There are 2 protein chains.
Amino acid sequence: MDRPFSDYVRSVRQKRAEIDPAFSLRRIAGVVDLEPSYLSKIERGLEAPPGEEKIKRLAAALGEDPDVVLALAGKVSSELQAIICQRPALFAELLRTFRNLPNHAVARVVREVRDGDW
Amino acid sequence: MDRPFSDYVRSVRQKRAEIDPAFSLRRIAGVVDLEPSYLSKIERGLEAPPGEEKIKRLAAALGEDPDVVLALAGKVSSELQAIICQRPALFAELLRTFRNLPNHAVARVVREVRDGDW
DNA sequence: GTGAGTGTGTAGGTCTTACTACACACTTAC
DNA sequence: GTAAGTGTGTAGTAAGACCTACACACTCAC
């Protein structure tokens, strides 16, 4: 089995902790507002990842991208889900069309749309 | 309060039922594989929408787009979520960039990407 | 008037999600 | 040697998601 979320969180936090004691498990748990023992189990893959809100706060506390950390937990933020739900057919097609495009092509489209006169 | 899912399902099914008796609540419940009384409550907004699998089967039974019906239930299919989770930063940016674009502009990009040499 | 079909009411149920509370053992600083 | 901080083990739980089982009342065909 795969534990991408737990491994990632643990390794990022421990790396930060080597330099800054504010990144101890207990202190981070305090900032994120969950029980240290719970975070401990999460980091070791003994518990499933927490809810969306806690993951976002955890990502913020660790200085990581919340969308990425959520993805490691197999989740998509409710904000992005809401975007899709407003125009489901359109965005479903968009996502399926872009699924197999290489990163640079997707990034290029994003850039062009943002810069251009659409 | 808003009951877009229940209203939608009920009205679509009843419209079909006027012509084809195979669209009675009981028969559809049978095809979708859930209890008639449960579907009844769902259609009247007394119960929350069912799980993703049941919604997909319901959409299929009614001849509707599963992504649209899921969206009415406030959900995004796990398939689309998986696409996002594979490249979260990229697709998050994509969705946020396209959020405010008019339908025709989004459709045009999809078309160009599909047809063009990306 | 009975059998087949319609929708609905009541009353549960299980499983998962998402956690908390508290005690323990160990290290380190002073 | 004790106070403060570290991570972890055990135990539990409250609420929601997602359903089932069964009985009831009604209509309509024949």
Side-chain angles (χ1 to χ4, degrees), chain A residues 1 3 5-59 61-62 66 69-70 72-78 81 85, chain B residues 1 3 5-7 9-59 61-62 66 69-70 72-78 81:
Chain A
M1 245 204 279
R3 309 240 167 259
F5 177 81
S6 51
D7 293 346
Y8 182 83
V9 169
R10 166 139 289 193
S11 70
V12 167
R13 188 188 56 75
Q14 283 186 336
K15 194 142 209 169
R16 299 269 196 291
E18 287 171 13
I19 298 167
D20 186 343
F23 287 85
S24 85
L25 187 149
R26 269 166 188 274
R27 299 245 222 133
I28 293 296
V31 169
V32 176
D33 186 36
L34 36 77
E35 282 292 310
S37 65
Y38 183 39
L39 178 55
S40 170
K41 279 177 289 188
I42 288 169
E43 285 195 352
R44 286 172 295 143
L46 302 179
E47 285 276 1
E52 177 176 341
E53 247 357 273
K54 306 281 183 174
I55 292 179
K56 283 190 198 164
R57 300 184 62 150
L58 184 55
L62 295 177
V69 184
L70 278 168
L72 291 168
K75 306 193 192 229
V76 172
S77 82
S78 47
Q81 296 202 35
C85 285
Chain B
M1 241 204 280
R3 308 245 168 254
F5 178 81
S6 51
D7 292 347
V9 169
R10 166 138 291 193
S11 69
V12 167
R13 187 187 58 74
Q14 284 186 335
K15 194 141 209 169
R16 299 269 197 291
E18 287 172 13
I19 297 167
D20 186 344
F23 287 84
S24 85
L25 188 148
R26 270 167 187 272
R27 299 244 223 133
I28 294 296
V31 169
V32 176
D33 187 35
L34 35 77
E35 283 292 311
S37 65
Y38 183 39
L39 177 56
S40 171
K41 279 178 289 189
I42 288 169
E43 284 195 353
R44 285 172 296 144
L46 302 179
E47 284 277 1
E52 178 176 341
E53 244 1 90
K54 307 280 184 174
I55 292 180
K56 283 191 198 163
R57 300 185 62 151
L58 184 55
L62 295 176
V69 183
L70 277 168
L72 290 168
K75 308 196 189 222
V76 172
S77 83
S78 47
Q81 296 202 35

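A note on names: the letters A, B, ... follow the listed sequences, proteins ahead of strands, and every chain is numbered from 1. Basis for what follows: all heavy atoms, side chains included, without hydrogens, waters or symmetry-related copies. Owing to the predicted nature of the structure, the values given are computational and were not obtained by experimental measurement.
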Does a nitrogen or oxygen in the side chain of B/Ser24 sit under 4.0 Å from OP1 or OP2 of C/dG5? no
Does the distance from a Lys or Arg side-chain N to an Asp or Glu carboxylate O, for A/Glu52 and A/Lys56, drop under 4.0 Å? yes
What nucleotide, of C/dT8, C/dT20, D/dT8, holds the atom closest to the side chain of B/Ser40? C/dT8
Once you round it to whole Å, what is the distance between C1' of C/dT17 and CD of A/Glu52? 14 Å
Can you say whether a donor on the side chain of B/Ser37 sits under 3.5 Å from an acceptor on the base of C/dG9, or the other way round? yes
Between atom CD in B/Glu35 and atom C1' in C/dT8, what is the gap in whole Å? 13 Å
Return the value, rounded to whole Å, for the distance between atom OH of A/Tyr38 and atom C1' of D/dG9. 16 Å
Take the protein atom CD of B/Glu43 and the nucleotide atom P of D/dC19, then report the distance between them rounded to whole Å. 16 Å
side-chain hydrogen bond (donor to acceptor under 3.5 Å, both in side chains) with B/Glu43: of B/Arg3, B/Arg10, B/Gln14, only one passes, and it is B/Arg10
Nearest-angstrom distance from the residue atom CD of B/Gln14 to P of C/dT6: 13 Å
Determine whether any donor atom in the side chain of B/Glu47 lies under 3.5 Å from an acceptor atom in the base of D/dC18, or the reverse, and answer yes or no. no
Among B/Leu70, B/Val32, B/Val9, which residue satisfies the side-chain contact (heavy atoms from CB on, under 4.5 Å) criterion with B/Ile55? B/Leu70
Side-chain donor or acceptor of A/Arg26 under 3.5 Å from a matching atom on the base of D/dG7? yes
Would you tell me if any nitrogen or oxygen in the side chain of B/Lys75 comes within less than 4.0 Å of OP1 or OP2 on D/dC18? yes
Give the rounded distance in Å between these two atoms: NZ of B/Lys41 and P of D/dC19. 13 Å
Using atom CG of B/Leu39 as one end and atom P of D/dC18 as the other, report the distance to the nearest whole Å. 16 Å
Listed nucleotide nearest any side-chain atom of A/Arg27, set C/dT8, D/dT6, D/dT8: D/dT6
A/Leu34 atom CG is separated from C/dC22 atom P, nearest whole Å, by 17 Å
